[in-house]
Amino acid sequence: MWSTARFLRCGSLTWSRSSRALAQGSEPALNFSDGRVFRLKSRWEVVRGLLIFRLCSVPTLVKNSEKLLSVSRRLLGRRLFEWGMRVSVYGQFVAGETLPEIRDCMERLARLGIRPMLAVPIEEDLGEGKSGERWYEQNEEIMLSCVDLSSAGGDRPMMQLKITALMSADLCKVLSVLLSDPSHRAELSPQKVVSIMEGQDSAFPFLTNQQNLHLQTSVRRLSRVGKRAKAKCVRVLVDAEYTYMNPALSLVTMAMMAQCNSDEPWIWNTYQCYLKDSYKNLNQDLDSAHNLGVCFGVKLVRGAYMEKERRLAKEKGHGDPIHPDWSATNKSYQRSLDKMLDLIGQEGKRYNLIIASHNEESVLHAAHRMAVLGIARCAGAVCFGQLLGMCDHVSLTLGQAGYLVYKSIPYGSVDSVLPYLVRRAQENQSVLQGIRKERDLLRQELSRRLLRRS
């Protein structure tokens, strides 16, 4: 994206004195209904948050956001449109485009006791495959730059990675179908992928020559990113995507683990607990990690692709892969959460977990279980994560209480990031409609400031 040398020379970020002190103190009571944490925000941040959350809670606006943005761009012109985005939606959810903007965002979070988790908003879906390798090669350079940026983000830096930025989504689907066949699954093993990463030719008879060549170049790109991240002490959290490609994503992620996770969990996988198979998949990968003799990191989410997954299952006559209701998803999440916390309580260096959730009950349950199991808030084996610009009443409370908490931070130009934001908003409509509490707390904080001023 750009050179990071000047940024890195500035040194790593340091965390707020209050969060470091609390991390060494007694167990604090977490209260997510106390809006006093919003006193840490500027007045404009409070006002902007209120406005954005109000708009995001209107389903019609979210559903038609792509068309509305396109019309706004034509009416306002590029410069005025970009200015409007930067002071509103883009400013709420994105770190920025330039090195100074990204560093400023990371420093502001650090002062609040929150760590950055950079995310490059590049991904690919079926039918979007590029001709040749150039696009994926350019993305590799961007991901390596993200590793370098992340390494300056304080202690225990993290970043997110979309496999489909470096490997064709179409090939991921082909591999996922093959992995459903036991005979092919035996050949498509993490160990075999590692051998390709390390120089062996890909020559699977069930793939075409072009597919073999793309697989070979793709996994070597992923290998270079993983090795750079380990060398820079950056943890890479590989995102899950759609069910029709997730088996392939898990395969190459396990291969990256086999290469990089011998001493610590540098490469992590993501598990979507709204899927009926999520707990089974987690246990299978735990067994694979044990057999490979590697450490294992988990990003635990509920999931974001519910509507599309159910629509595709219905169109193809398949069973619904999603749990039938919110209660079943919550039970699934807590089951996987407890499984990982129990393992961490026994071997905290071998297993790591980020509780990537905006759900207050899940966060409180995890904090309680950490205390029961004797898992230190500041040790790093367990941390929490939310999206930049959302769920700040949870993130700020956790950060000020000394827990390790990260914000997922997309960055890039307005043109490159807006399509990503639109997709995430449309995929997370249920989350956006459930932000009433944060909106109410922001309104209370704004009223307090206005009354004080008057």
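Between Lys173 and Asp125 there is no salt bridge, since none of the side-chain N atoms of the basic residue sits less than 4.0 Å from a carboxylate O of the acidic one. Using a 4.0 Å cut-off between a side-chain N of Lys or Arg and a carboxylate O of Asp or Glu, Arg310 and Glu315 do not qualify as a salt bridge. The pair Glu45-Arg108 counts as a salt bridge, with a side-chain nitrogen and a carboxylate oxygen less than 4.0 angstrom apart. Looking at Asp440 and Arg436, no side-chain N of the basic residue comes within less than 4.0 Å of a carboxylate O on the acidic one, giving no salt bridge. Comment: Glu360 engages Lys437 in a salt bridge, judged by a side-chain N to carboxylate O separation of less than 4.0 angstrom. Under a 4.0 Å N-O distance rule, the pair Arg36/Glu445 does not qualify as a salt bridge. Between Arg78 and Asp415, at least one side-chain N (NZ, or NE/NH1/NH2) sits under 4.0 Å from a carboxylate O, which counts as a salt bridge. Ionic pairing of Lys314 and Glu309 is not present here: no N-O contact between side-chain nitrogen and carboxylate oxygen is shorter than 4.0 angstrom. Of the charged side-chain nitrogens involved, at least one lies within less than 4.0 Å of a carboxylate oxygen, so that Asp392 and Lys407 count as a salt-bridged pair. Residues Lys130 and Glu124 are paired through a salt bridge, judged by an N-O separation under 4.0 Å between the basic side chain and the carboxylate.
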>> Between Gln272 and Ser278, is the side chain to side chain donor-acceptor pair (under 3.5 Å) condition met? List the steps.
In response: CA-CA 6 Å; Gln272 302 157 304; Ser278 61; over 6 Å; no
> What's the verdict on side chain to side chain donor-acceptor pair (under 3.5 Å) for Arg156 and Asn352, showing C-alpha distance, side-chain angles and the deciding distance?
Replying inline: CA-CA 12 Å; Arg156 296 188 67 84; Asn352 281 187; 3.1 Å; yes
> Step by step, would you call Trp268 with Thr253 a side-chain contact (heavy atoms from CB on, under 4.5 Å)?
Replying inline: CA-CA 8 Å; Trp268 300 27; Thr253 302; over 6 Å; no
> Please walk me through it: do Ser88 and Ile52 pass side-chain contact (heavy atoms from CB on, under 4.5 Å)?
Replying inline: CA-CA 7 Å; Ser88 58; Ile52 297 299; 4.2 Å; yes
>> Assess the residue pair Asn359 and Tyr333 against the criterion (side chain to side chain donor-acceptor pair (under 3.5 Å)); give the C-alpha distance rounded to whole Å, side-chain angles, the decisive distance to 0.1 Å, and a yes or no.
In response: CA-CA 11 Å; Asn359 184 282; Tyr333 193 93; over 6 Å; no
> Run the side-chain contact (heavy atoms from CB on, under 4.5 Å) check on Ile355 and Val382 step by step: do they pass?
Replying inline: CA-CA 8 Å; Ile355 300 148; Val382 178; 3.6 Å; yes
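In this structure, Arg439 is not positioned above the aromatic face of Phe53 in the sense of NZ or CZ being under 6.0 Å from the six-membered ring centre and within 45° of the axis. Figure legend: cation-pi geometry between Arg302 and Tyr274 absent, as NZ or CZ is not positioned both under 6.0 Å from the six-membered ring centre and within 45° of its axis.
The aromatic rings of Phe38 and His393 lie tilted to each other, with the angle between the two planes from 30° to 60°. Between Tyr305 and Tyr242, the two ring planes are tilted [angle within 30° to 60°].
Side chain of Gln386 to main chain of Ser357: a donor-acceptor pair is present (N/O by atom type, distance under 3.5 Å, no hydrogens or angles).
Of the listed residues (Asp239, Thr270, Asn269), just one forms a side-chain hydrogen bond (donor to acceptor under 3.5 Å, both in side chains) with Lys299, and that residue is Asp239.
When all heavy atoms are compared, the tightest approach of Gln216 to Val219 is O-CG2, 3.5 Å.
Judged purely by distance below 3.5 Å, without hydrogens or angles, the side chains of Thr329 and Ser332 never pair a donor atom with an acceptor atom. A side-chain donor-acceptor contact under 3.5 Å links Ser218 and Arg221.
Considering only residues two or more places apart in sequence or on other chains, Phe81 meets the ring pair (Phe, Tyr, Trp, His ring centres under 6.0 Å) condition with none of them. Shown here are the ring pair (Phe, Tyr, Trp, His ring centres under 6.0 Å) partners of His214, two or more places apart in sequence or in another chain: Tyr136.
Taking the six-membered ring for Trp and the full ring otherwise, Phe384 and Tyr406 have centroids separated by 6.0 Å or more.
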